[in-house]
Amino acid sequence: HPRTALGLSTQHKIHSLNPNKVQSGYELAALNMLGEGLFRLNDQGDILPGVCNGKIERSNNQITLHLNPEARWSNNQPVKAEDFVYAWQELVRPENHHFYGNILNDIVAQATNIQKGDSSVDQLGITALDDHTLLLTLEKETLPTQDLKRLLAFPALFPINKDFVQHIDYTLYGDKSANSLSNGPYILENWAPEWDTWSYVRNEMYPEKSDYPTQKITVQYAKNLSIFEKSYQQQILDMTFSKKTSKNNQASLHPKHTVLHLNGNSNNKKHQLLTDETFRALLCQSIDQSALKENQSKEADNVQLTSSMD
């Protein structure tokens, strides 16, 4: 049976709740709990309706999407089409230098030109026809519908409540709990980037809240796994990582596998050297890949996920 409260651990911190500013996999996972895009993915990777009603109307390179009128922000304001327009325009605005600022390049009309500084953000191919209707203009009409839906579920493309941001300033949005809003299953409480604990609390304004029976998830941050082990033994945590085999007969062990990659900041004008393919090839050759794989394999064998959630 699902628990109404859980205690979890992490070795990662959230640096921003602004979907435009997310970078790490952990932040993307957090945003998936707090926000919702036009579509969403379930735990099996299936594409489900999100803020959009699930239907896509196509006419050549134009896409019409209808928003669920019941979609609400955690302050009970409706999620509007303009919230997506505002969020996407700020995402691609070149002065913001957002990590996923180029995600719409060659997909949504004018996104590439905006990133180059050749067009203004109000020329981006997204228009609010009314509060609950969005019109997207694609660069090409050949983009498969399923690929488009999957893209529209990505956290960097989540909406931002324009009215709320205008009261606090875009640069401050998402820098702490009080300066954030959620339109997804949970709200983040008692959080700031420098804090070591925070809580996900179920968003009672979320239309599908009944799909999320766990009402509160408390997260503890630490770099040292021994801290987690102690908290687990004290029953503060229900699930944690450990390099030791648990002596708790009620605990279940789950192997942990993680895939990491390095992303060269080749779009940053301050690091033009990284745009040189020859230099990047030489950089890759300087890495002892055999030793790296061996060390990662040993580490993976030693790290286990311990839980008492049976």
Side-chain angles (χ1 to χ4, degrees), residues 14-23 27-40 49-53 65-93 95-96 98-101 103-104 108 111 114 121-122 124-136 151-193 198-209 212:
I14 303 170
H15 299 287
S16 177
L17 299 182
N18 182 337
N20 289 172
K21 297 180 180 181
V22 295
Q23 294 190 28
E27 288 176 323
L28 292 171
L31 260 293
N32 270 319
M33 294 182 64
L34 303 170
E36 185 170 83
L38 292 164
F39 291 86
R40 61 189 175 102
V51 178
C52 168
N53 66 3
L65 300 158
H66 299 280
L67 275 56
N68 179 0
E70 295 184 3
R72 288 285 186 275
W73 290 101
S74 49
N75 65 352
N76 202 25
Q77 289 183 344
V79 180
K80 299 179 181 179
E82 183 61 31
D83 295 332
F84 284 94
V85 176
Y86 174 70
W88 289 21
Q89 287 180 348
E90 291 301 326
L91 176 66
V92 302
R93 190 183 297 277
E95 307 95 275
N96 288 336
H98 288 319
F99 186 77
Y100 286 107
I103 194 173
L104 298 176
V108 174
I114 293 170
V121 295
D122 58 2
L124 185 66
I126 179 171
T127 304
L129 300 182
D130 57 45
D131 283 350
H132 298 107
T133 310
L134 267 177
L135 177 67
L136 304 184
L151 173 67
L152 296 179
F154 192 67
L157 299 178
F158 284 2
I160 296 176
N161 187 312
K162 184 177 181 180
D163 294 336
F164 181 82
V165 172
Q166 288 178 336
H167 286 90
I168 62 170
D169 190 76
Y170 178 78
T171 59
L172 298 179
Y173 181 69
D175 69 347
K176 58 183 178 181
S177 296
N179 289 345
S180 308
L181 286 180
S182 298
N183 74 314
Y186 290 90
I187 301 167
L188 201 61
E189 292 187 348
N190 304 316
W191 169 83
W198 54 87
S199 298
Y200 296 93
V201 178
R202 193 171 66 174
N203 180 8
E204 296 303 318
M205 296 298 157
Y206 184 61
E208 307 297 330
K209 64 181 180 181
Y212 299 85

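Just the heavy atoms: all of them, side chains too, but no hydrogens, waters or symmetry mates, feed the values below. Numbers here are sequence positions counted from 1.
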**Student:** Minimum heavy-atom separation for G35 and P185, please, with both atom names.
**Tutor:** O-CD, 4.3 Å
**Student:** Whether the side chain of R93 engages the backbone of V121 through a donor-acceptor N/O pair (distance < 3.5 Å, no angle test) should be reported.
**Tutor:** no
**Student:** Between N179 and Y173, which heavy-atom pair has the shortest distance, and what is it?
**Tutor:** O-CD1, 3.2 Å
**Student:** If you measure from CZ on F158 to CG on L152, what distance do you get to the nearest 0.5 Å?
**Tutor:** 11.0 Å
**Student:** Would you say N53 and L65 make side-chain contact, with heavy atoms under 4.5 Å?
**Tutor:** no
**Student:** Cation-pi check for Y170 against K21: NZ or CZ below 6.0 Å from the six-membered ring centre and within 45 degrees of the axis, yes or no?
**Tutor:** yes
**Student:** Can you find a pair of side-chain heavy atoms, one from L34 and one from Y186, that are under 4.5 Å apart?
**Tutor:** yes
**Student:** Keeping the roles fixed (side chain from S199, backbone from E189), state whether a donor-acceptor pair exists under 3.5 Å.
**Tutor:** no
**Student:** Within this structure, what is the CD-CD distance for the pair E90 and E95, rounded to the nearest 0.5 Å?
**Tutor:** 9.0 Å
**Student:** Under 3.5 Å, which donor-acceptor pairs do the side chains of residues 129-136 form with other protein atoms, sequence neighbours left out?
**Tutor:**
{"unit_1": "D130", "atom_1": "OD1", "unit_2": "H132", "atom_2": "N", "d": "2.8"}
{"unit_1": "D130", "atom_1": "OD1", "unit_2": "T133", "atom_2": "N", "d": "2.9"}
{"unit_1": "D130", "atom_1": "OD1", "unit_2": "T133", "atom_2": "OG1", "d": "2.9"}
{"unit_1": "D130", "atom_1": "OD2", "unit_2": "T133", "atom_2": "OG1", "d": "3.2"}

**Student:** For residues V22 and F99, report the shortest heavy-atom separation together with the two atoms involved.
**Tutor:** O-CB, 4.0 Å
**Student:** Show the nearest heavy-atom pair for residues A71 and P207, with the distance to one decimal.
**Tutor:** CA-CG, 4.1 Å
**Student:** Tell me whether W198 contacts the main-chain N or O of A192 through its side chain, where contact means a donor paired with an acceptor under 3.5 Å.
**Tutor:** no
**Student:** Using only heavy-atom distances, determine whether the side chains of T171 and D169 contain a donor-acceptor pair under 3.5 Å.
**Tutor:** yes
**Student:** Evaluate Y100 against L28 for side chain to side chain contact (heavy atoms under 4.5 Å, CB included), listing each step before the verdict.
**Tutor:** CA-CA 12 Å; Y100 286 107; L28 292 171; 3.7 Å; yes
**Student:** With rounding to the nearest 0.5 angstrom, report the CD to CD distance, E36 to E208.
**Tutor:** 8.0 Å
**Student:** Would you call W88 and I103 a side-chain contact if the rule is heavy atoms closer than 4.5 Å?
**Tutor:** no
**Student:** Without swapping roles, check the side chain of R40 against the backbone of P49 for a donor-acceptor pair under 3.5 Å.
**Tutor:** yes
**Student:** Should the heavy atoms of other residues, nucleotides or ligands under 6.0 Å from CD of E70 be counted, would the total exceed 12?
**Tutor:** no
**Student:** So N183 and D83, do their side chains get closer than 4.5 Å, heavy atoms only?
**Tutor:** no
**Student:** Might you point out which heavy atoms bring N20 and L91 nearest each other, and give the distance in Å?
**Tutor:** OD1-N, 3.5 Å
**Student:** Keeping E82 on the side-chain end and A128 on the backbone end, is there a donor-acceptor pair under 3.5 Å?
**Tutor:** no
**Student:** Flag the pair L157 / L104 as yes when at least one side-chain heavy-atom distance between them is below 4.5 Å, and no otherwise.
**Tutor:** yes
**Student:** State, with a plain yes or no, whether a side-chain heavy atom of N75 is found less than 4.5 Å away from one of N161.
**Tutor:** yes
**Student:** Could you report the tightest heavy-atom contact between C52 and F39, atom names first, then the distance?
**Tutor:** SG-CZ, 3.9 Å
**Student:** For the residue pair S182 and L188, establish whether any side-chain heavy-atom pair is separated by less than 4.5 Å.
**Tutor:** no
**Student:** Without hydrogens or angle criteria, can the side chains of D163 and Q77 be said to hold a donor-acceptor pair below 3.5 Å?
**Tutor:** no
**Student:** From W73 CH2 over to L181 CG, what is the distance, rounded to the nearest 0.5 angstrom?
**Tutor:** 6.5 Å
